[in-house]
Amino acid sequence: SQKIEQNSEALNIQEGKTATLTCNYTNYSPAYLQWYRQDPGRGPVFLLLIRENEKEKRKERLKVTFDTTLKQSLFHITASQPADSATYLCAALGGGSYIPTFGRGTSLIVHP
Amino acid sequence: DTAVSQTPKYLVTQMGNDKSIKCEQNLGHDTMYWYKQDSKKFLKIMFSYNNKELIINETVPNRFSPKSPDKAHLNLHINSLELGDSAVYFCASSQDMRNEQFFGPGTRLTVL
C-alpha cells in the first residue's frame, strides 16, 4: 500500500541554523508533494507544493526538493527562528489517484 | 474573514449518540474534504466532494455520512458514536484535487 514516511522523532536545532526535514514515499509515484505546517490546536497551513518534474522550489526561507530516484522530498528552513517551531506535514497526491496521503509529520523545535 | 470555518470547536458526547459537525468555506473552491486526526497526529482523509458530488470515500464506517447542500458547505453526521471516534476532525477545501488545501480550525470530538 502507498506509504508516506516522515521522521517521527522531533528535530531540535539552534536558532539561525538550517532545519532539514525528510519525507519518503514507497509503493507510490506521486505527481505532487505538498508541505504543511501545523501548530498545536490548529489546522494545517499550506507552505509549498512541488511537482514531479520540478527538482526544487523556494519561497523566502523555505526550500523543497523532489527526488524521484530516491523517492524522497526534503524540506529546508534556512536561518531558523523559534517561531518556526511546529509540526511539518508532507502530503503526496497523484500517481494514479488524487487521494491526498499525509505523513505523520515531524516536530521541529528551534531553540533560541 | 475566516476562509474555512467549522462548528462546533469542541464536542463532548456519550457513546451511542448522533452528532453533526458543520463546515463552510468562503473561498469559492470546488472541492471539500473531511479528515480525521487521531491521538498520534496521523491525518487521514475520510471523504471528498467536488461540486457537491462525492468523489472520495475512504474506508469509513457507514455511521459517518457527509452531506453537501451546496458547494460552500460540507457537513459530517455521525450516528451511534463509539469511543474510537474520539479525534480531531478537520474540514478542508481546495480549488481542485491537485491544489493546496485550506484547513478549518478542527473540531475536537470526545466520546465518553
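Just so we're clear, the structure is a prediction, and the values are computed from it rather than from any experiment. Sequence lines set the chain letters: A, B, ... in the order given, protein chains first and strands last, and positions in each chain run from 1.
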### Query
Between Gly105(A), Gly41(A), Pro100(A), which shows the greatest number of heavy-atom pairs under 4.5 Å with chain B?
Pro100(A)
### Task
Ignoring hydrogens and angles, state whether a donor on the side chain of Thr31(B) or Asn50(B) is under 3.5 Å from an acceptor on the partner side chain.
yes
### Query
Under 3.5 Å, is there a donor-acceptor pair between the Glu52(A) and Thr68(A) side chains?
no
### Query
Do Glu56(A) and Arg58(A) sit within salt-bridge range, that is, some charged N less than 4.0 Å from a carboxylate O?
yes
### Task
Could you look at Leu43(B) and say if it's the side chain, the backbone, both or neither that has a heavy atom under 4.5 Å from chain A?
both
#### Entry: Engaged part of Arg42(A) at the chain B interface, taking heavy atoms whose separation is under 4.5 Å
backbone
### Query
Between Lys36(B) and Asp38(B), is there a side-chain N and carboxylate O pair less than 4.0 Å apart?
no
## Note on the structure
The interface call for Glu58(B) against chain A, heavy-atom contacts under 4.5 Å, is side chain
### Query
Side chain, backbone, both or neither: which part of Asn99(B) has an atom under 4.5 Å from a heavy atom of chain A?
backbone
### Message
Over 60° means perpendicular and under 30° means parallel, so tell me whether Phe102(A) and Tyr35(B) are parallel, tilted or perpendicular.
### Response
perpendicular
### Query
Hey, which of Gln37(B), Arg108(B), Lys9(B) has the most heavy atom pairs under 4.5 Å with chain A?
Gln37(B)
### Query
Closest approach of Gln38(A) and Ala86(A), non-hydrogen atoms and distance?
O-CB, 3.7 Å
### Task
Please state whether the side chain, the backbone, both or neither of Phe102(B) comes within less than 4.5 Å of a heavy atom of chain A.
neither
### Leu93(A) versus chain B, the contacting section by heavy-atom distance below 4.5 Å
side chain
### Task
Identify which part of Leu89(A) has an atom lying under 4.5 Å from any heavy atom of chain B, answering side chain, backbone, both or neither.
side chain
### Task
Tell me yes or no: between the side chains of Ser20(B) and His77(B), is some donor less than 3.5 Å from an acceptor?
yes
